[in-house]
Amino acid sequence: MSNCCKPKIGVLLYSNNGLRKSGAGTPEGTYEERMKRPEQLTLSALGEFADTVSAGIVYNRADLDRAMALFMSERVDGVYVQYLSWAPDALWMRFERDMPELPVLFASVVPERIPFENTFSANDSVAANTVRGLVGSLQASGSIARMARSMTETVLGTLDEVMARAKPFFAAAHVRAKLKNAVVAHYARHHEVMWSTYVDGFSLFRYVGPEMKVLANATVRREMDKVSDEDVAAAVAELKSRYQVMDDVAADKLDASVKASLAVDRCAAAMGADYVVMNDLDNVMHRELGLRPGFLPCPGGHGIAATPEGDVGAGTAAYILRLLSGRPAQVLEPGYINPDTGLVDVGHGGPNDYTDPEAKVVIAKDTRLLNADVKYPGAAFAWQVLAPGVKTLLHLSQGEGGYKMAFTIAEEQEVDFFHASFCHGRLKMLTGTASEVFSRLLAFGTTQHYAIVSGDFRAELRDLARIMGFQWLEA
(Lines give C-alpha, C1' and ligand atoms only; values in the text may rest on other atoms or scores of the structure.)
Protein backbone atom coordinates (compact mmCIF):
# COMPACT_ATOMS: atom_id res chain seq x y z
CA MET A 1 0.00 0.00 0.00
CA SER A 2 1.37 3.42 -0.91
CA ASN A 3 1.33 6.55 1.22
CA CYS A 4 -1.38 7.96 -1.05
CA CYS A 5 -3.69 5.40 0.50
CA LYS A 6 -2.60 5.84 4.10
CA PRO A 7 -5.83 5.83 6.07
CA LYS A 8 -6.68 7.83 9.15
CA ILE A 9 -8.09 5.44 11.75
CA GLY A 10 -9.93 6.26 14.95
CA VAL A 11 -8.90 3.77 17.65
CA LEU A 12 -11.48 2.84 20.29
CA LEU A 13 -10.12 0.53 23.02
CA TYR A 14 -12.39 -0.54 25.85
CA SER A 15 -11.35 -1.56 29.37
CA ASN A 16 -13.14 -1.99 32.69
CA ASN A 17 -13.54 1.13 34.79
CA GLY A 18 -14.35 -0.90 37.91
CA LEU A 19 -11.00 -2.69 37.79
CA ARG A 20 -8.73 0.31 37.16
CA LYS A 21 -7.19 0.48 40.64
CA SER A 22 -7.18 -3.25 41.35
CA GLY A 23 -3.71 -4.71 41.82
CA ALA A 24 -2.29 -1.71 43.66
CA GLY A 25 0.85 -2.82 45.44
CA THR A 26 1.23 -6.03 43.41
CA PRO A 27 4.52 -6.75 41.58
CA GLU A 28 3.11 -5.89 38.14
CA GLY A 29 1.08 -2.88 39.18
CA THR A 30 -2.55 -1.94 38.77
CA TYR A 31 -4.93 -3.14 36.12
CA GLU A 32 -4.89 0.35 34.56
CA GLU A 33 -1.08 0.34 34.38
CA ARG A 34 -1.04 -3.11 32.81
CA MET A 35 -3.59 -2.14 30.12
CA LYS A 36 -1.12 0.38 28.71
CA ARG A 37 0.91 -2.42 27.15
CA PRO A 38 -1.82 -3.88 24.89
CA GLU A 39 -2.91 -0.32 24.09
CA GLN A 40 0.58 0.55 22.85
CA LEU A 41 0.93 -2.75 20.97
CA THR A 42 -2.30 -2.05 19.12
CA LEU A 43 -1.46 1.56 18.31
CA SER A 44 2.01 0.58 17.14
CA ALA A 45 0.67 -2.19 14.89
CA LEU A 46 -1.93 0.10 13.32
CA GLY A 47 0.69 2.81 12.94
CA GLU A 48 2.63 0.57 10.57
CA PHE A 49 0.12 1.38 7.81
CA ALA A 50 -2.14 4.17 9.10
CA ASP A 51 -2.32 7.46 10.93
CA THR A 52 -4.05 6.75 14.23
CA VAL A 53 -6.38 9.02 16.18
CA SER A 54 -6.88 8.02 19.83
CA ALA A 55 -8.17 9.71 22.95
CA GLY A 56 -6.82 6.91 25.13
CA ILE A 57 -8.50 3.85 26.60
CA VAL A 58 -12.25 4.22 27.10
CA TYR A 59 -13.22 3.52 30.70
CA ASN A 60 -16.29 5.74 31.13
CA ARG A 61 -18.87 7.93 29.41
CA ALA A 62 -16.62 10.99 29.38
CA ASP A 63 -13.85 9.00 27.69
CA LEU A 64 -16.28 7.82 25.01
CA ASP A 65 -17.71 11.29 24.39
CA ARG A 66 -14.19 12.67 24.04
CA ALA A 67 -13.20 9.89 21.64
CA MET A 68 -16.26 10.31 19.39
CA ALA A 69 -15.83 14.08 19.27
CA LEU A 70 -12.17 13.60 18.32
CA PHE A 71 -13.01 11.09 15.58
CA MET A 72 -15.53 13.48 14.05
CA SER A 73 -13.31 16.56 14.27
CA GLU A 74 -10.41 14.64 12.73
CA ARG A 75 -12.70 13.21 10.01
CA VAL A 76 -11.34 9.70 10.41
CA ASP A 77 -11.84 7.23 7.56
CA GLY A 78 -13.02 4.48 9.90
CA VAL A 79 -12.79 3.22 13.47
CA TYR A 80 -10.92 0.24 14.88
CA VAL A 81 -12.64 -1.15 18.00
CA GLN A 82 -11.20 -3.65 20.49
CA TYR A 83 -12.07 -4.85 23.96
CA LEU A 84 -8.70 -5.04 25.68
CA SER A 85 -10.39 -6.99 28.45
CA TRP A 86 -13.91 -7.59 29.66
CA ALA A 87 -15.90 -4.40 30.17
CA PRO A 88 -19.59 -3.48 30.30
CA ASP A 89 -21.16 -3.08 26.87
CA ALA A 90 -23.19 0.09 27.49
CA LEU A 91 -20.41 2.35 26.18
CA TRP A 92 -20.01 0.22 23.06
CA MET A 93 -23.76 0.31 22.39
CA ARG A 94 -23.75 4.08 22.81
CA PHE A 95 -21.03 4.30 20.18
CA GLU A 96 -23.04 2.06 17.85
CA ARG A 97 -26.15 4.18 18.30
CA ASP A 98 -24.65 7.67 18.28
CA MET A 99 -21.59 7.60 16.03
CA PRO A 100 -22.34 8.69 12.45
CA GLU A 101 -22.12 5.97 9.83
CA LEU A 102 -18.58 5.05 8.84
CA PRO A 103 -16.57 1.83 8.44
CA VAL A 104 -15.93 0.02 11.72
CA LEU A 105 -13.70 -3.02 12.29
CA PHE A 106 -14.49 -4.75 15.58
CA ALA A 107 -11.49 -6.89 16.55
CA SER A 108 -10.96 -9.57 19.16
CA VAL A 109 -7.24 -10.19 19.64
CA VAL A 110 -5.83 -13.45 20.99
CA PRO A 111 -3.31 -12.57 23.76
CA GLU A 112 0.35 -12.96 22.86
CA ARG A 113 0.73 -15.04 26.05
CA ILE A 114 -1.19 -15.98 29.20
CA PRO A 115 0.80 -14.33 32.04
CA PHE A 116 -0.28 -16.63 34.88
CA GLU A 117 -0.81 -20.30 35.74
CA ASN A 118 -3.65 -19.80 38.21
CA THR A 119 -5.46 -16.93 39.89
CA PHE A 120 -4.65 -17.77 43.50
CA SER A 121 -2.61 -14.62 44.15
CA ALA A 122 -3.83 -11.02 43.89
CA ASN A 123 -1.19 -10.33 41.24
CA ASP A 124 -2.33 -13.23 39.05
CA SER A 125 -5.98 -12.46 39.58
CA VAL A 126 -5.43 -9.03 38.05
CA ALA A 127 -3.36 -10.60 35.28
CA ALA A 128 -6.32 -12.82 34.38
CA ASN A 129 -8.58 -9.80 34.05
CA THR A 130 -6.17 -8.14 31.59
CA VAL A 131 -6.55 -10.92 29.00
CA ARG A 132 -10.32 -11.42 29.09
CA GLY A 133 -10.91 -9.59 25.81
CA LEU A 134 -12.77 -12.56 24.36
CA VAL A 135 -15.47 -12.25 27.01
CA GLY A 136 -15.94 -8.57 26.24
CA SER A 137 -15.95 -9.16 22.50
CA LEU A 138 -18.54 -11.92 22.67
CA GLN A 139 -20.77 -9.83 24.89
CA ALA A 140 -20.49 -6.87 22.52
CA SER A 141 -21.21 -9.05 19.51
CA GLY A 142 -24.81 -9.35 20.62
CA SER A 143 -25.44 -5.68 19.99
CA ILE A 144 -23.47 -5.79 16.74
CA ALA A 145 -26.07 -8.19 15.40
CA ARG A 146 -29.03 -6.31 16.89
CA MET A 147 -27.91 -2.80 15.93
CA ALA A 148 -26.98 -4.02 12.43
CA ARG A 149 -24.88 -0.96 11.60
CA SER A 150 -23.80 -0.89 8.00
CA MET A 151 -20.09 -1.00 7.16
CA THR A 152 -19.25 -2.99 10.31
CA GLU A 153 -17.02 -6.06 10.12
CA THR A 154 -15.63 -8.36 12.82
CA VAL A 155 -12.32 -10.22 13.04
CA LEU A 156 -10.70 -12.53 15.59
CA GLY A 157 -7.07 -13.67 15.63
CA THR A 158 -3.59 -12.90 16.83
CA LEU A 159 -2.49 -9.29 16.59
CA ASP A 160 -0.69 -10.02 13.30
CA GLU A 161 -3.75 -11.78 11.90
CA VAL A 162 -6.01 -8.93 12.93
CA MET A 163 -3.68 -6.38 11.34
CA ALA A 164 -3.63 -8.40 8.11
CA ARG A 165 -7.41 -7.99 8.07
CA ALA A 166 -7.34 -4.36 9.16
CA LYS A 167 -4.93 -3.19 6.47
CA PRO A 168 -7.16 -3.80 3.41
CA PHE A 169 -10.31 -2.87 5.35
CA PHE A 170 -9.06 0.58 6.23
CA ALA A 171 -7.49 1.06 2.81
CA ALA A 172 -11.02 0.58 1.46
CA ALA A 173 -12.38 2.95 4.11
CA HIS A 174 -9.87 5.55 2.97
CA VAL A 175 -10.93 5.14 -0.65
CA ARG A 176 -14.56 5.62 0.40
CA ALA A 177 -13.63 8.88 2.12
CA LYS A 178 -11.66 10.09 -0.89
CA LEU A 179 -14.51 9.23 -3.25
CA LYS A 180 -16.97 11.25 -1.17
CA ASN A 181 -14.77 14.32 -1.63
CA ALA A 182 -13.71 13.75 -5.23
CA VAL A 183 -14.65 15.77 -8.29
CA VAL A 184 -14.64 14.35 -11.81
CA ALA A 185 -14.51 16.62 -14.85
CA HIS A 186 -16.68 15.07 -17.57
CA TYR A 187 -15.39 16.34 -20.88
CA ALA A 188 -17.54 16.92 -22.84
CA ARG A 189 -20.54 14.60 -23.24
CA HIS A 190 -21.66 11.01 -23.73
CA HIS A 191 -21.24 9.09 -26.96
CA GLU A 192 -24.50 7.66 -28.23
CA VAL A 193 -23.10 4.29 -29.35
CA MET A 194 -22.86 2.88 -25.81
CA TRP A 195 -25.73 3.98 -23.60
CA SER A 196 -25.54 1.06 -21.16
CA THR A 197 -21.93 2.01 -20.43
CA TYR A 198 -22.74 5.42 -18.99
CA VAL A 199 -23.71 6.58 -15.52
CA ASP A 200 -25.71 9.60 -14.43
CA GLY A 201 -24.32 12.26 -12.15
CA PHE A 202 -26.96 11.91 -9.44
CA SER A 203 -26.44 8.18 -9.01
CA LEU A 204 -22.66 8.62 -9.00
CA PHE A 205 -22.91 11.21 -6.23
CA ARG A 206 -25.43 9.20 -4.21
CA TYR A 207 -23.94 5.71 -4.41
CA VAL A 208 -20.23 6.27 -5.08
CA GLY A 209 -19.37 9.79 -3.98
CA PRO A 210 -17.73 11.96 -6.66
CA GLU A 211 -19.36 15.14 -7.83
CA MET A 212 -19.53 15.33 -11.62
CA LYS A 213 -18.81 18.65 -13.29
CA VAL A 214 -19.12 19.17 -17.04
CA LEU A 215 -16.21 20.66 -18.95
CA ALA A 216 -17.23 22.26 -22.26
CA ASN A 217 -15.19 22.33 -25.45
CA ALA A 218 -15.59 26.10 -25.69
CA THR A 219 -14.01 26.48 -22.25
CA VAL A 220 -11.01 24.39 -23.26
CA ARG A 221 -10.71 26.26 -26.55
CA ARG A 222 -10.53 29.60 -24.74
CA GLU A 223 -7.99 28.21 -22.30
CA MET A 224 -5.82 26.98 -25.19
CA ASP A 225 -5.52 30.56 -26.38
CA LYS A 226 -4.10 31.51 -22.97
CA VAL A 227 -1.40 28.82 -22.88
CA SER A 228 1.91 30.50 -23.65
CA ASP A 229 4.45 29.27 -26.18
CA GLU A 230 6.97 29.15 -23.34
CA ASP A 231 4.80 26.76 -21.31
CA VAL A 232 4.29 24.54 -24.34
CA ALA A 233 8.02 24.51 -25.10
CA ALA A 234 8.86 23.59 -21.50
CA ALA A 235 6.34 20.72 -21.47
CA VAL A 236 7.53 19.43 -24.86
CA ALA A 237 11.15 19.52 -23.68
CA GLU A 238 10.19 17.53 -20.58
CA LEU A 239 8.36 14.93 -22.67
CA LYS A 240 11.30 14.61 -25.07
CA SER A 241 13.66 14.09 -22.14
CA ARG A 242 11.59 11.12 -20.99
CA TYR A 243 10.35 9.52 -24.20
CA GLN A 244 11.50 8.83 -27.72
CA VAL A 245 9.71 10.83 -30.40
CA MET A 246 8.95 8.81 -33.51
CA ASP A 247 10.36 10.19 -36.74
CA ASP A 248 6.98 10.84 -38.38
CA VAL A 249 5.68 13.09 -35.58
CA ALA A 250 5.31 16.67 -36.81
CA ALA A 251 6.63 19.29 -34.40
CA ASP A 252 3.63 21.59 -34.77
CA LYS A 253 1.24 18.72 -34.06
CA LEU A 254 3.19 17.77 -30.93
CA ASP A 255 3.02 21.38 -29.76
CA ALA A 256 -0.72 21.54 -30.46
CA SER A 257 -1.41 18.35 -28.53
CA VAL A 258 0.59 19.59 -25.56
CA LYS A 259 -1.17 22.96 -25.65
CA ALA A 260 -4.57 21.25 -25.65
CA SER A 261 -3.48 18.94 -22.84
CA LEU A 262 -2.31 21.86 -20.70
CA ALA A 263 -5.62 23.62 -21.37
CA VAL A 264 -7.64 20.61 -20.25
CA ASP A 265 -5.44 20.25 -17.17
CA ARG A 266 -5.88 23.89 -16.19
CA CYS A 267 -9.63 23.85 -16.74
CA ALA A 268 -9.96 20.69 -14.69
CA ALA A 269 -7.82 22.11 -11.89
CA ALA A 270 -9.93 25.27 -11.82
CA MET A 271 -12.99 23.04 -11.32
CA GLY A 272 -11.28 21.26 -8.43
CA ALA A 273 -11.24 18.00 -10.40
CA ASP A 274 -9.32 14.96 -9.22
CA TYR A 275 -9.58 13.21 -12.60
CA VAL A 276 -10.92 13.81 -16.10
CA VAL A 277 -13.17 11.54 -18.14
CA MET A 278 -12.97 12.57 -21.78
CA ASN A 279 -15.25 11.64 -24.64
CA ASP A 280 -12.36 11.64 -27.07
CA LEU A 281 -14.69 10.52 -29.90
CA ASP A 282 -16.59 13.82 -29.75
CA ASN A 283 -16.67 15.45 -33.19
CA VAL A 284 -17.23 18.85 -31.60
CA MET A 285 -13.98 18.42 -29.69
CA HIS A 286 -12.14 17.46 -32.85
CA ARG A 287 -13.52 20.52 -34.64
CA GLU A 288 -12.99 23.00 -31.79
CA LEU A 289 -9.52 21.83 -30.70
CA GLY A 290 -8.35 20.37 -34.00
CA LEU A 291 -7.31 17.10 -32.28
CA ARG A 292 -7.84 15.06 -29.15
CA PRO A 293 -5.41 15.97 -26.34
CA GLY A 294 -2.71 13.33 -26.02
CA PHE A 295 -0.75 14.05 -22.83
CA LEU A 296 -2.66 13.86 -19.56
CA PRO A 297 -1.11 14.12 -17.02
CA CYS A 298 0.89 16.86 -18.73
CA PRO A 299 4.30 18.19 -17.68
CA GLY A 300 3.84 21.64 -16.18
CA GLY A 301 0.29 20.78 -15.16
CA HIS A 302 -1.43 19.62 -12.00
CA GLY A 303 -0.90 15.88 -12.39
CA ILE A 304 -4.52 15.24 -13.42
CA ALA A 305 -5.01 12.04 -15.41
CA ALA A 306 -7.69 11.40 -18.01
CA THR A 307 -9.47 8.30 -19.27
CA PRO A 308 -11.28 7.78 -22.57
CA GLU A 309 -14.69 7.50 -24.18
CA GLY A 310 -16.77 9.42 -21.66
CA ASP A 311 -17.19 6.46 -19.29
CA VAL A 312 -17.28 8.00 -15.81
CA GLY A 313 -17.68 4.59 -14.17
CA ALA A 314 -14.46 3.37 -15.77
CA GLY A 315 -12.68 6.63 -14.98
CA THR A 316 -13.76 6.32 -11.36
CA ALA A 317 -12.50 2.72 -11.30
CA ALA A 318 -9.12 3.99 -12.52
CA TYR A 319 -9.17 6.64 -9.78
CA ILE A 320 -9.88 3.94 -7.18
CA LEU A 321 -6.95 1.85 -8.41
CA ARG A 322 -4.66 4.90 -8.34
CA LEU A 323 -5.65 5.52 -4.73
CA LEU A 324 -5.00 1.92 -3.74
CA SER A 325 -1.74 1.48 -5.61
CA GLY A 326 -0.16 4.91 -5.84
CA ARG A 327 0.58 4.05 -9.47
CA PRO A 328 -0.84 5.12 -12.83
CA ALA A 329 -4.00 3.28 -13.87
CA GLN A 330 -5.49 3.00 -17.34
CA VAL A 331 -8.87 2.17 -18.89
CA LEU A 332 -8.91 -0.58 -21.49
CA GLU A 333 -11.23 -2.88 -23.40
CA PRO A 334 -10.62 -6.63 -23.66
CA GLY A 335 -10.52 -7.01 -27.42
CA TYR A 336 -10.31 -10.72 -28.15
CA ILE A 337 -9.10 -14.06 -26.85
CA ASN A 338 -6.41 -15.66 -28.98
CA PRO A 339 -7.64 -19.24 -29.57
CA ASP A 340 -4.08 -20.51 -30.01
CA THR A 341 -2.54 -19.02 -26.86
CA GLY A 342 -5.51 -18.29 -24.61
CA LEU A 343 -4.11 -14.78 -24.06
CA VAL A 344 -6.30 -11.67 -24.20
CA ASP A 345 -5.32 -8.58 -26.15
CA VAL A 346 -6.54 -5.42 -24.43
CA GLY A 347 -6.32 -1.76 -25.34
CA HIS A 348 -8.00 1.57 -25.86
CA GLY A 349 -7.46 4.67 -27.93
CA GLY A 350 -7.65 8.17 -26.52
CA PRO A 351 -6.27 9.55 -23.26
CA ASN A 352 -4.73 7.33 -20.60
CA ASP A 353 -2.14 7.84 -17.89
CA TYR A 354 1.18 7.05 -19.57
CA THR A 355 3.48 7.92 -16.66
CA ASP A 356 4.21 4.41 -15.33
CA PRO A 357 8.02 4.26 -15.39
CA GLU A 358 7.90 0.50 -16.09
CA ALA A 359 5.69 0.83 -19.17
CA LYS A 360 6.95 1.21 -22.73
CA VAL A 361 6.06 4.68 -24.00
CA VAL A 362 6.92 6.59 -27.15
CA ILE A 363 5.52 9.79 -28.60
CA ALA A 364 3.67 8.84 -31.77
CA LYS A 365 1.05 10.25 -34.10
CA ASP A 366 -2.59 9.46 -33.48
CA THR A 367 -3.47 7.44 -36.55
CA ARG A 368 -7.14 7.19 -35.55
CA LEU A 369 -7.56 10.84 -36.59
CA LEU A 370 -4.98 10.72 -39.33
CA ASN A 371 -7.54 11.11 -42.12
CA ALA A 372 -10.09 13.13 -40.18
CA ASP A 373 -11.17 16.61 -41.22
CA VAL A 374 -9.42 18.33 -38.32
CA LYS A 375 -6.77 21.03 -38.04
CA TYR A 376 -4.11 18.65 -36.70
CA PRO A 377 -4.64 15.19 -38.23
CA GLY A 378 -2.24 12.67 -36.74
CA ALA A 379 -1.47 14.87 -33.74
CA ALA A 380 1.00 13.47 -31.24
CA PHE A 381 0.07 11.40 -28.21
CA ALA A 382 1.73 9.08 -25.67
CA TRP A 383 1.63 5.57 -27.17
CA GLN A 384 1.92 2.96 -24.45
CA VAL A 385 2.41 -0.75 -23.84
CA LEU A 386 1.48 -1.82 -20.32
CA ALA A 387 4.24 -2.67 -17.86
CA PRO A 388 4.62 -6.45 -17.43
CA GLY A 389 3.56 -8.23 -14.25
CA VAL A 390 0.46 -8.97 -12.19
CA LYS A 391 -2.43 -6.59 -12.78
CA THR A 392 -5.76 -5.89 -11.14
CA LEU A 393 -8.67 -5.27 -13.49
CA LEU A 394 -11.64 -3.36 -12.08
CA HIS A 395 -15.03 -2.59 -13.59
CA LEU A 396 -17.52 -0.12 -12.10
CA SER A 397 -20.89 0.74 -13.60
CA GLN A 398 -24.42 1.72 -12.74
CA GLY A 399 -26.79 -1.13 -11.99
CA GLU A 400 -30.41 -1.32 -10.96
CA GLY A 401 -30.81 0.61 -7.72
CA GLY A 402 -27.09 1.16 -7.17
CA TYR A 403 -23.67 0.33 -8.55
CA LYS A 404 -21.94 -2.86 -9.49
CA MET A 405 -18.28 -3.77 -9.37
CA ALA A 406 -16.33 -6.67 -10.85
CA PHE A 407 -12.63 -7.40 -10.55
CA THR A 408 -10.04 -10.03 -11.29
CA ILE A 409 -6.29 -10.37 -11.78
CA ALA A 410 -4.15 -11.13 -14.81
CA GLU A 411 -0.51 -11.12 -15.81
CA GLU A 412 0.64 -8.68 -18.46
CA GLN A 413 3.06 -10.33 -20.85
CA GLU A 414 6.35 -8.87 -22.02
CA VAL A 415 5.39 -7.60 -25.49
CA ASP A 416 6.44 -4.88 -27.90
CA PHE A 417 4.12 -2.35 -29.56
CA PHE A 418 1.54 -4.11 -31.72
CA HIS A 419 -1.66 -2.00 -31.70
CA ALA A 420 -1.44 1.39 -33.43
CA SER A 421 -2.72 4.40 -31.49
CA PHE A 422 -3.83 2.32 -28.50
CA CYS A 423 -2.64 2.03 -24.94
CA HIS A 424 -2.46 -1.75 -25.06
CA GLY A 425 -1.18 -5.03 -23.69
CA ARG A 426 -1.58 -8.79 -23.68
CA LEU A 427 -2.94 -10.57 -20.61
CA LYS A 428 -2.85 -14.06 -19.20
CA MET A 429 -5.83 -14.47 -16.90
CA LEU A 430 -4.83 -15.86 -13.49
CA THR A 431 -8.12 -17.05 -11.96
CA GLY A 432 -9.07 -19.46 -14.75
CA THR A 433 -8.86 -19.64 -18.49
CA ALA A 434 -9.74 -16.50 -20.40
CA SER A 435 -12.98 -18.12 -21.52
CA GLU A 436 -13.89 -19.04 -17.93
CA VAL A 437 -13.13 -15.58 -16.54
CA PHE A 438 -14.94 -13.65 -19.23
CA SER A 439 -17.90 -16.02 -19.14
CA ARG A 440 -18.35 -15.06 -15.50
CA LEU A 441 -18.03 -11.38 -16.33
CA LEU A 442 -20.39 -11.70 -19.28
CA ALA A 443 -23.04 -13.33 -17.08
CA PHE A 444 -22.62 -10.63 -14.42
CA GLY A 445 -23.05 -7.89 -17.02
CA THR A 446 -20.21 -5.40 -16.90
CA THR A 447 -20.13 -3.49 -20.20
CA GLN A 448 -16.78 -3.24 -21.96
CA HIS A 449 -14.46 -0.98 -19.94
CA TYR A 450 -12.01 -2.06 -17.24
CA ALA A 451 -9.48 -0.05 -15.29
CA ILE A 452 -6.12 -1.75 -14.85
CA VAL A 453 -3.15 -1.21 -12.54
CA SER A 454 -0.03 -3.06 -11.46
CA GLY A 455 -0.44 -5.18 -8.33
CA ASP A 456 -3.07 -7.38 -6.70
CA PHE A 457 -5.73 -5.35 -4.85
CA ARG A 458 -8.51 -7.91 -4.62
CA ALA A 459 -8.58 -7.87 -0.81
CA GLU A 460 -9.06 -4.10 -0.72
CA LEU A 461 -11.71 -4.25 -3.44
CA ARG A 462 -13.68 -6.93 -1.59
CA ASP A 463 -13.84 -4.64 1.42
CA LEU A 464 -14.64 -1.60 -0.69
CA ALA A 465 -17.54 -3.38 -2.41
CA ARG A 466 -18.99 -4.45 0.95
CA ILE A 467 -18.46 -1.03 2.56
CA MET A 468 -20.06 0.78 -0.39
CA GLY A 469 -22.96 -1.63 -0.70
CA PHE A 470 -22.14 -2.49 -4.31
CA GLN A 471 -23.31 -5.60 -6.09
CA TRP A 472 -19.99 -7.27 -6.83
CA LEU A 473 -18.22 -10.16 -8.46
CA GLU A 474 -14.69 -11.46 -8.03
CA ALA A 475 -14.17 -13.19 -11.36
Side-chain angles (χ1 to χ4, degrees), residues 6-24 26-74 76-92 94-96 99 103-116 123-141 153-167 169-170 173:
K6 192 174 187 181
K8 180 186 285 189
I9 302 174
V11 184
L12 194 65
L13 304 176
Y14 286 102
S15 286
N16 194 317
N17 194 49
L19 297 174
R20 293 175 77 167
K21 303 306 179 185
S22 64
T26 62
E28 295 177 49
T30 65
Y31 170 90
E32 184 174 15
E33 291 168 339
R34 300 185 202 199
M35 298 316 297
K36 292 177 181 178
R37 173 172 168 74
E39 177 193 22
Q40 290 306 313
L41 285 174
T42 299
L43 290 172
S44 178
L46 290 168
E48 291 291 321
F49 59 87
D51 293 324
T52 58
V53 176
S54 173
I57 295 174
V58 172
Y59 286 103
N60 53 43
R61 173 77 178 274
D63 292 340
L64 177 66
D65 290 344
R66 185 168 58 253
M68 289 197 296
L70 182 62
F71 296 162
M72 287 186 279
S73 67
E74 289 289 326
V76 297
D77 300 328
V79 176
Y80 173 92
V81 181
Q82 181 184 330
Y83 269 69
L84 295 178
S85 72
W86 179 83
D89 62 356
L91 296 177
W92 162 238
R94 188 172 292 276
F95 173 87
E96 291 180 283
M99 189 69 190
V104 173
L105 184 65
F106 185 95
S108 182
V109 176
V110 176
E112 58 181 345
R113 66 184 184 90
I114 302 301
F116 60 92
N123 186 72
D124 288 345
S125 179
V126 175
N129 283 326
T130 66
V131 294
R132 295 190 190 277
L134 180 60
V135 181
S137 300
L138 289 170
Q139 177 175 301
S141 71
E153 298 280 342
T154 61
V155 59
L156 185 149
T158 65
L159 185 60
D160 287 345
E161 290 168 341
V162 167
M163 291 302 118
R165 179 70 189 89
K167 188 173 181 179
F169 180 84
F170 287 110

Taking side chain as C-beta onward, heavy atoms only, is V104 less than 4.5 Å from F95? yes

I57, L13, N129 screened by side-chain contact (heavy atoms from CB on, under 4.5 Å) with M35, the one that passes: I57

Tell me the closest heavy-atom pair linking R20 and N60, and the distance in Å. NH1-ND2, 3.8 Å

Using residues 43-50 as the side-chain source, report each donor-acceptor pair under 3.5 Å to any protein atom, sequence neighbours left out, with the distance given to one decimal.
none

Only counting residues at least two apart or in another chain, list the ones meeting side-chain contact (heavy atoms from CB on, under 4.5 Å) with T154. F106, I144

Kindly indicate whether the side chain of E28, heavy atoms from C-beta on, has any atom under 4.5 Å from the side chain of F116. no

Separation between CG of L91 and CG of D63, rounded to the nearest 0.5 Å: 8.5 Å

4.5 Å side-chain heavy-atom contact, P115 and V131: yes

Can you check whether M72 reaches M99 side chain to side chain, under 4.5 Å on heavy atoms? yes

Would you confirm whether D124, through its side chain, and A127, through its main-chain N or O, come within 3.5 Å as a donor-acceptor pair? no

Hey, could you give me the CZ/CD1 distance between F170 and I9, rounded to the nearest 0.5 Å? 4.5 Å

Check ion pair E112-R37 (N to O, under 4.0 angstrom): yes

Smallest heavy-atom separation, A55 atom then A67 atom, equals CB-CA, 3.9 Å

L12 vs F71 side-chain heavy atoms within contact, under 4.5 Å: yes

Hey, can you pull the donor-acceptor pairs under 3.5 Å for the side chains in residues 76-88, sequence neighbours left out?
residue	atom	partner	partner atom	Å
D77	OD2	K8	N	2.9
D77	OD2	H174	ND1	2.9
Y80	OH	Q82	OE1	2.7
Q82	OE1	T42	OG1	3.4
Y83	OH	P88	O	3.4
S85	OG	Y31	OH	2.3
W86	NE1	Q139	OE1	3.1

Interatomic distance, S137 atom OG to Y14 atom OH [nearest 0.5 angstrom]: 11.5 Å

All heavy atoms of K21 vs all of T30, minimum pair found to be O-CG2, 4.0 Å

Rounded to the nearest 0.5 Å, the CZ atom of R132 sits from the CG atom of L19 at a distance of 10.0 Å

Compare every heavy atom of A107 with every heavy atom of V162, then report the nearest pair and how far apart it is. CG1-CB, 3.7 Å

